[in-house]
Amino acid sequence: MSTTVTIETTPYSDQKPGTSGLRKKVTVFRQPRYLENFVQAIFNVASELKGQLLIVGGDGRYYNQQAIQVILKIAAANGVKQVMVGQNGLLSTPAVSHLIRKNKAAGGIILSASHNPGGVDGDFGIKFNISNGGPAPTSFTDAVFELSKSISQYQIIETADIPLSEQQQVFIADMQINIIDPVSDYAALMAELFDFQKIKSMFTGDNFTMCFDAMHAVTGPYAKEIFENQLSANSGAVINGVPLEDFAGGHPDPNLAHAIELASLLNSGLNAPDFGAASDGDGDRNMILGQHFFVNPSDSLAIMTANAHLLPGYKSGISGVARSLPTSRAVDKVAESMGIRCYETPTGWKYFGNLLDDKRITLCGEESFGSGSDHIREKDGIWAVLFWLNLIAIKQQSVEQIAREHWKQYGRHYYTRHDYEAIDSEAAENLIQHLREQSATLAGKEYAGHKITLCDDFSYRDPVDNSIAEKQGIRILFDDESRIVYRLSGTGTEGATLRVYIENYVTDTTQHTLETQSALADLVEISKNIAQIKTHCNREQADVIT
Ligand code: VG1
Ligand code: CO
């Protein structure tokens, strides 16, 4: 018989969730009672889980399955009625969001550190999503953190581990556990939003080829089912399609710095596929490529907004859009010409939830390779790929033609992000503090012909619940519509990461073919000068440029 036991515990002081849940090294998570404490704190705050359904799954990284066993036993001891778990513990972040909404679950727990490396010495993470399917708001994560600092006991049912490899129904005490196919419900939702028949005809009739890089992470099974089986894409369309615990030692981050195999394939001569895409560890990010062509994620959001009405799932038009602060203002130009609202939110998907629930927006996105819509409450990698495939099938144009036409109509926002990684935390705080102090006096100053019109530390009032988020990033606006934003990452596990976001707006079409870094070279220098990056961080160059 399995019985509930109460285990005495001592708290940890460092369980503060960041931009997207709690992320730490696996070695930190494997400390005694570390995971148990945090999970119990979630159940204490999310009292609505009692007697209700919970969705559980993760991106397949090392420690995923062990963590799920602990979560199931603590859930049963805390009175959860039913749990749905993906087979082998796998569920992409968007699939969890969809399952919560479809099954009216009270919440979901996602095990992932997204694009961070995995494996025994890699990163792990845990994130709670609420009943709308979206990441828990800051009020929730703050409450979990507070509790975690004083937690003295947790409840658990001591019982044998549940086999997760078969789709079946099992019980821990009275709690029913359904081990489900991770892919089918999600794939069905995609088929509702997009014209699968049209995309399929493109693959079977037009000689059109694609390559999707799952980066050894969770989207492999989703991509194979959707692109290869249902849409009849060319064989081998999905590469690195088997989820591995250490992502084969790589960084499952879909950008040109990390999806190198895919990028070189798209840049290879005549045999290059027409379309390339990649997703991250937990399947919520996307990168879109054409032959010899990279679609900046901020542009992708703008292009989606301008064209959504052409696609079946969005044919009645879109109510509004939102982008995070550092995302380029390309989508603002589209919203303006369409006469719809464009919201600017802090970084992180949780800030889009209220706007989507309140039907103020239909589409939203972030510069960090994330885009999504009101179909769920997370960003969605495969969804973005299908959006582009459907658009290409309708327009019968290449990725590059679609982007260039867009720039012609709305102007081009050259955009780059420079990340200075693993810098000293105190130095990073000082740099931001220094910028804050200068902000009042920067307006009016001129740097290499760019005159500053506004400098502030971004704060956001949620128009739905009036909650306020302050100190979300230093933004510097120039009179020629160029802009620099500085903020510190909230997802890293080593020191601090300074992110510098740089953009420049160009309407002259003869200037639309420049290489991005050279187009932005003067602003990059200005970004280093204003923040005195070398003085504070002792770095000449960014570590990762996307
Ligand atoms: C980063 C991105 C942010 C994104 C977050 C989670 O956060 O910049 O846009 O929402 O990761 O994405 P930060 O605080 O490190 O800049 V994911 O794919 O890790 O769930
Ligand atoms: Co992710």
Side-chain angles (χ1 to χ4, degrees), residues 16-24 57-61 91-97 108 110-118 122-129 134-136 138 141 214-215 217-219 222 247 251-255 258 278-287 297-298 301 322-328 344-353 364-372 376-384 415 417-423 428 432 458 469 471-473 485-501 543-544 546:
K16 186 176 171 54
T19 313
S20 180
L22 181 68
R23 278 189 205 174
K24 299 280 173 194
D59 63 10
R61 68 179 58 226
L91 281 175
S92 72
T93 288
V96 171
S97 187
I110 304 172
L111 292 323
S112 172
S114 192
H115 53 287
N116 297 19
D123 290 349
F124 191 71
I126 176 165
K127 181 164 91 144
F128 184 70
N129 281 28
T138 317
T141 49
M215 305 193 82
V218 78
T219 50
Y222 295 86
F247 311 121
H251 237 95
D253 200 355
N255 56 37
H258 293 113
S279 190
D280 70 332
D282 61 330
D284 56 0
R285 295 187 176 203
N286 75 88
M287 175 170 70
S298 299
L301 176 64
R323 60 159 175 84
S324 62
L325 160 74
T327 305
S328 100
E344 183 175 46
T345 60
T347 297
W349 214 260
K350 59 187 169 220
Y351 295 103
F352 295 136
C364 44
E366 296 191 276
E367 53 69 41
S368 54
F369 297 79
S371 33
I376 53 170
R377 294 293 178 272
E378 287 278 6
K379 54 187 184 271
D380 191 341
I382 301 248
W383 170 88
Y415 185 86
R417 182 174 108 184
H418 283 221
D419 289 340
Y420 299 81
E421 295 190 328
I423 53 180
I432 294 289
F458 181 66
K471 301 188 172 161
Q472 295 298 317
V485 174
Y486 303 87
R487 60 179 283 281
L488 299 182
S489 159
T491 58
T493 58
E494 247 178 86
T497 294
L498 169 68
R499 302 202 195 284
V500 186
Y501 310 84
D543 301 277
V544 179
T546 50

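First listed ligand is number 1; within each ligand, the first listed atom is number 1. Just so you know, these numbers use all the heavy atoms, side chains as well, and skip hydrogens, waters and symmetry mates.
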Peer 1: Closest non-hydrogen protein atom to atom 7 (O) of ligand 1, residue and atom name please, with distance?
Peer 2: Thr491 CG2, 3.5 Å
Peer 1: For Arg499, take its heavy atoms, then give the atoms of ligand 1 lying under 4.0 Å from any of them.
Peer 2: 8 (O), 13 (P), 15 (O), 16 (O)
Peer 1: Where is the nearest protein heavy atom to atom 11 (O) of ligand 1: which residue, which atom, and how far?
Peer 2: Arg285 NH2, 3.0 Å
Peer 1: Ligand 1 and Lys127, any nitrogen or oxygen pair closer than 3.5 angstrom?
Peer 2: no
Peer 1: Identify, by atom number and element, the atoms of ligand 1 in contact range of Asp280, meaning under 4.0 Å from any of its heavy atoms.
Peer 2: 18 (O)
Peer 1: Starting at OG of Ser279, measure out to NZ of Lys379 and round the result to the nearest 0.5 Å.
Peer 2: 10.0 Å
Peer 1: Supply the atom-to-atom distance Asp419 CG to Arg499 CZ, rounded to the nearest 0.5 angstrom.
Peer 2: 4.5 Å
Peer 1: So Tyr501 and Tyr415, would you call those rings parallel, tilted or perpendicular, with 30° and 60° as cut-offs?
Peer 2: tilted
Peer 1: Can you tell me the protein heavy atom closest to atom 18 (O) of ligand 1 and the distance?
Peer 2: Ser114 OG, 2.6 Å
Peer 1: Distances under 2.8 Å only: what protein N/O/S atoms are near the Co ion (ligand 2), ordered by chain and residue?
Peer 2: Ser114 OG, Asp280 OD2, Asp282 OD1, Asp284 OD1
Peer 1: To which protein heavy atom is atom 20 (O) of ligand 1 closest, and what is the distance rounded to 0.1 Å?
Peer 2: Asp284 OD2, 3.2 Å
Peer 1: Is there a nitrogen or oxygen of His115 sitting under 3.5 Å from a nitrogen or oxygen of ligand 1?
Peer 2: yes
Peer 1: Can you name the atoms of ligand 1, numbered from 1 with element, that are less than 4.0 Å from a heavy atom of Ser20?
Peer 2: 6 (C), 20 (O)
Peer 1: Which ligand 1 atoms are under 4.0 Å away from a heavy-atom of Gly348?
Peer 2: 10 (O)
Peer 1: How about Asp123 and Thr493: does a side-chain donor come under 3.5 Å of a side-chain acceptor?
Peer 2: yes
Peer 1: Find all atoms of ligand 1 within a distance of less than 4.0 Å from any non-hydrogen atom belonging to Gly490, and give their numbers and elements.
Peer 2: 13 (P), 14 (O), 15 (O)
Peer 1: Could you list which atoms of ligand 1 come closer than 4.0 Å to a heavy atom of Lys379?
Peer 2: 4 (C), 6 (C), 10 (O), 12 (O), 17 (V), 18 (O), 20 (O)
Peer 1: Does this structure show an ion pair linking Arg323 with Glu366, if we count only N-O contacts that are shorter than 4.0 Å?
Peer 2: no
Peer 1: Identify, for atom 10 (O) of ligand 1, the protein heavy atom at the shortest distance, and state residue, atom and that distance.
Peer 2: Glu366 OE1, 2.7 Å
Peer 1: What residue and heavy atom of the protein are closest to atom 2 (C) of ligand 1, and at what distance?
Peer 2: Ser368 OG, 3.5 Å
